[in-house]
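Down below is the structure, laid out as structure tokens.
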Amino acid sequence: MTALTPMLQQYLEIKEQHKDELLFFRLGDFYELFNEDALTASRELNLTLTKRAGGKAGASSSMPMCGVPFHSVDGYLAKLIRKGYKIAICDQMEDPKKAVGIVKRQVTKILTPGTVLSDAVLEENHNQYLACLEQQEDTLCLAYADVSTGECAWYTARGKDREEAVLDQLYRIQPAELVLTESSEAFGGLLDKMVQKLPDCMVNQYDPVPGLDYFTRHFGSDCPAGKLPLVRGTVEHMLQYIHENVKSDLAQINRLREITTDAVMNLDATAIRNLELVKNMKDGTRHGTLLDVLDYTRTAMGARQLRQWVEAPLLDTARIRLRQQAIGWMVDNARFRTDLGDALSEITDLERILSRIEVGSANARDLAALRTALRALPQVKSLLDQVPQGLLHTLDGRISLHEDLLDELERGIVDDPPFTVRDGGMIRKGFNAELDEVHDIAENNNQWMLHFEQKIKDQTGIKNLKVGYNKVFGYYIEVSRGQVSQVPDTFIRKQTLVNGERYIVPELKEFENKILSAREKIQQLEYYLFNEIRQDIRQHLVEVQETARALGVLDVLYSLAMAAFKGSYVCPRLNDRQEILIKDGRHPVVEKLLERELFVPNDVHLNNTDERLIILTGPNMAGKSTYMRQVALLTLMTQMGSFIPAREADVCPVDRIFTRVGASDDLATGQSTFMVEMNEVANILKYATSRSLIILDEVGRGTSTYDGMSIARAVVEFINDKIRAKTLFATHYHELIELEQLDPGIKNYSVAVKEKGKEVVFLRRIVPGGTDKSYGIHVARLAGLPEKVVKRADELLAQYTAQGTTGQPAAPVPQKPEAPKEEDLQPSLFGDVIGDTLRNLDVMTMTPLEALNTLYKLQEEAKREGGRS
């Protein structure tokens, strides 16, 4: 067998330690991959596959090979990581020119979806979380961190519902990677459910090393979570995994917080999905979501923070009011709001810049971006100084100017630094005397060359010779072919050209060595100074992080103030009466998407007494689902601290929002639409409390009419009798409207409809009272069903209506005896026809022309009544 070359022996030794990763092996200006790694990369990245001789004797032992330039590797890495691959980066640890024998190489980092720091992979407005899951007896612990921002948190759930609780948290944070320290079988069906909900999340097995105690290194010995063995172990193992991959101190991870369900609303995965808070159900993007409507943030920190606020509304009214006051200040002070937006626009992504500085991957452009952000801080501070008290005043105290850092960056880094840090050009003149001196030598070479060229011309009499330089041959004296005979014997031939010759002389060679030495020294000295500046920033990392976090909160408040200003939102009042009262509320997303139509506003009144459960009837497409989602979103926005689109609102915080909206099946688990619906309803009935808000749409429609109607009624009765939560229940089972007469807490509402012959106009108004029509055939006609089908449906509907819903007379509904009305005890001022007409008028849904026509008819009828009397 042919012996391997030293380089390939080195490669195989390193690859043996990283069998599960694609190994990017640095060779000069390229990262190369070999064997199976090369085949994979060639297929996934569409790279040309070549072969390399593996043995000293030649190509008999050639192996597949492909590579990418090191300066553009990030784009290729991003594609592979998104496809679910882990990557090991093997770099050259010494200058090949100075190396004795084979160049030393080692793996400097391992890239996984949860530990990557490249901007090519990270989304600016979304955290990239790595999660770790462990269990002990009946308790599950979830720890997660964003290496790119330093955020770190933990959550525990115990008891029989622990799996669902952890799944909801996983769905909320959407981790890019989940690490397990025990076999996946130990978690039963939990992981199967997680993969179904989060198909893009990579799951990795990890065997931690005991005794490293990264927990204390990051959070200190006094951290309360360190006293909880399961929590400490889970966080410790997550930190071990991150250190093993990133291979850095990771000082940016220095604050650990607990995720609790008593401080924020615990939205489950179904509510987040059905309400389309951060992703729409059509294509999974943020277009047409609440986040999209509210996002006027100017910074990446603010964009990420806003998403967290949307998914975790507050429960504490005091904290909600603090946010409302801050937003109100900005809404009322237009100049303040405008100037703050301009200042925030200059703030770069401080959190991720600091993380790159900490792990050693930041370049001079990152430092320039940090300088840009620090320059904007005085303007932000001067604006916040105008606010006398409240949350804005508190944020002002958390934001520091970091003047020493800014001064160092102003003096040290040039205005437009290069991308690479090894080639010089980063450090400003005047920052370091030694560097300035070497620069002077290098920069004066042109003047020296002009003097030298003139001296040689004078000495030789060759007037058209010239002194030049290129990267391949260095400095030279070029003489045309016709003047070669005049070249002195002291000239040493260096290169022959078509039209002349190039020479070198000892004086020029000495100058070349001096210049090249100066350039090399510049590169070394600049890199040293750059690292000194970077190290100084690391010493202030915690303080700058605190400023970055405060700026993120400030940016969210600014964003919500802009949404309130542009959308004419109002500040909702808060109450503890368990009452939701919203007048002329509007759906924040639908309203913004409507371009040529005005959104029809609607009221809602829910409480825990006489308006506890609303049964909402009306046709498809009339707006029932929109209305119900609107109520949920306005309640959620209120608890975010946001203003809401309404004329007036008085809202009590709810502990949970539960939703059952829309139809979907789950092919992965073989669950039908009806089964998914029943699972969601079961979850609501299990966890809802009297302080919850429940949104139920068309319960029971996935089965037969009798089964569905029975289930729907039973669900209504259970919620009304046992849970007693504020509930909106939309249905096409019109028989359910009789429940209003059985309990004073149940009320019927419907969507107003205007009929004109066979045509129907949806008025989008929610009005008191139920309806006994679904208008399904009208909707079918609007959808374009053949007229023959529609006519046949009309005929069948008439037959079924004549027979009754069950083919038998409906059981009588208990009725309360009505007291005689006052108008029945005295003569009417109007005739019977006029009185009946007036009583039955729906003034709110009439057009001006219809009102005039009705008034004219009443006038004519009054004349006839008068003539008869």
Side-chain angles (χ1 to χ4, degrees), residues 263-265 267 271 275 277 289-291 293-296 306 309-333 337 390-392 553 556-592 599-609 611-612 614 626-659 691-695 725-728 766:
V264 297
M265 187 192 300
L267 291 169
L275 294 177
L277 298 182
T289 64
L290 180 63
L291 177 64
V293 168
L294 297 179
D295 193 357
Y296 290 90
L306 176 61
W309 282 25
V310 168
E311 293 179 319
L314 300 175
L315 298 179
D316 183 6
T317 55
R319 293 179 62 192
I320 296 171
R321 286 193 177 98
L322 281 176
R323 292 181 180 181
Q324 288 180 337
Q325 291 165 3
I327 294 166
W329 171 273
M330 285 189 265
V331 171
D332 294 339
N333 292 271
R337 188 177 64 246
L391 182 54
L392 293 178
V553 175
V556 176
L557 295 171
Y558 165 80
S559 179
L560 295 178
M562 285 298 297
F565 170 72
K566 289 182 174 293
S568 298
Y569 295 177
V570 301
C571 180
R573 295 186 300 275
L574 299 174
N575 70 72
D576 57 4
R577 304 186 306 273
Q578 291 302 306
E579 183 175 32
I580 296 176
L581 177 60
I582 300 172
K583 295 183 179 180
D584 287 341
R586 312 186 303 276
H587 193 296
V589 179
V590 176
E591 178 184 45
K592 190 170 183 178
F599 186 88
V600 178
N602 277 295
D603 300 344
V604 65
H605 184 206
L606 287 167
N607 56 36
N608 281 33
T609 54
E611 292 271 353
R612 184 171 55 251
I614 290 176
T626 299
Y627 173 73
M628 293 197 302
R629 284 191 176 101
Q630 170 183 311
V631 174
L633 289 177
L634 297 188
T635 303
L636 185 146
M637 289 172 66
T638 297
Q639 293 185 232
M640 283 175 57
S642 172
F643 287 22
I644 66 173
R647 177 168 57 85
E648 183 183 351
D650 192 357
V651 178
C652 69
V654 298
D655 62 356
R656 298 280 295 270
I657 295 177
F658 293 96
T659 65
R691 300 179 64 87
S692 302
L693 174 63
I694 300 176
I695 306 297
K726 290 174 281 295
T727 305
L728 291 170
I766 306 300

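The residues of the chain are indexed from 1 along the displayed sequence.
In this view, E611 satisfies the salt bridge (charged side-chain N to carboxylate O under 4.0 Å, His left out) rule with no residue, not counting sequence neighbours. With sequence neighbours excluded, the residues forming a salt bridge (charged side-chain N to carboxylate O under 4.0 Å, His left out) with R577 are E579, D650, listed by chain and number. With sequence neighbours excluded, no residue forms a salt bridge (charged side-chain N to carboxylate O under 4.0 Å, His left out) with R337. Considering only residues two or more places apart in sequence or on other chains, Y558 meets the side-chain hydrogen bond (donor to acceptor under 3.5 Å, both in side chains) condition with R298. When the salt bridge (charged side-chain N to carboxylate O under 4.0 Å, His left out) test is applied to D295, the partners found at least two apart in sequence or on another chain are R286.
P601 and R586 make their closest contact through CB-CG, 4.1 Å (heavy atoms, listed as atom of the first residue, atom of the second, distance). Minimum interatomic distance between L322 and L391 (heavy atoms only, all atoms of both residues): O-CB, 3.9 Å. Taking every heavy atom of both residues into account, A326 and L392 meet most closely at CB-CG, 3.7 Å. Between G585 and Q630, the shortest heavy-atom distance links the atoms O-NE2, 2.9 Å. The two atoms that bring L294 and S559 nearest to each other are O-OG, 2.5 Å, heavy atoms only. Across every non-hydrogen atom of A561 and M330, the tightest pair is CB-CB, 3.6 Å.
How far CZ of R573 is from OG1 of T317: 15.0 Å, rounded to the nearest 0.5 Å. Distance check, rounded to the nearest 0.5 Å: OH of Y627 to CD1 of I614 gives 5.0 Å. Here CZ of R323 is found 7.5 Å from CE of M640. Values are rounded to the nearest 0.5 Å. Rounding to the nearest 0.5 Å places CG of L314 at 7.5 Å from CG of D316. Rounded to the nearest 0.5 Å, atoms CG (D655) and CG (L693) are 10.0 Å apart. Considering CZ of R612 and CG of N607, their distance stands at 8.0 Å, rounded to 0.5 Å.
Here the side chains of P645 and M637 are in contact, with some heavy-atom distance below 4.5 Å. Taking 4.5 Å as the limit, every side-chain heavy atom of T635 sits out of range of all side-chain heavy atoms of P313. Contact check for V553 versus W309: side-chain heavy atoms found under the 4.5 Å cut-off. The side-chain heavy atoms of N602 and V631, taken from C-beta on, include no pair separated by under 4.5 Å. Between V654 and I580, some side-chain heavy-atom pair lies under the 4.5 Å cut-off. Side-chain contact between E648 and V570 is absent, with no heavy-atom pair separated by less than 4.5 Å. By the 4.5 Å heavy-atom criterion applied to side chains, D603 and I766 are not counted as neighbours. For the pair P572 and Q324, the minimum side-chain heavy-atom distance is below 4.5 Å.
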For side chain to side chain contact (heavy atoms under 4.5 Å, CB included), just list the numbers for L290 and L636, CA-CA rounded to whole Å, side-chain angles, deciding distance to a tenth of an Å, and then say yes or no. CA-CA 10 Å; L290 180 63; L636 185 146; 3.8 Å; yes
Run the side chain to side chain contact (heavy atoms under 4.5 Å, CB included) test on L277 and L267 for me, step by step, so that the C-alpha distance in whole Å, both residues' side-chain angles and the decisive distance to 0.1 Å come before the verdict. CA-CA 11 Å; L277 298 182; L267 291 169; 3.7 Å; yes
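Annotation: F599, atom CZ; neighbour count of heavy atoms from other residues, nucleotides and ligands within 6.0 Å is above 12.
Pairs of residues two or more places apart, or lying in two chains, never qualify as side chain to side chain donor-acceptor pair (under 3.5 Å) while including a residue from residues 636-645.
Side chain of D584 to main chain of R647: no donor-acceptor pair is present (N/O by atom type, distance under 3.5 Å, no hydrogens or angles).
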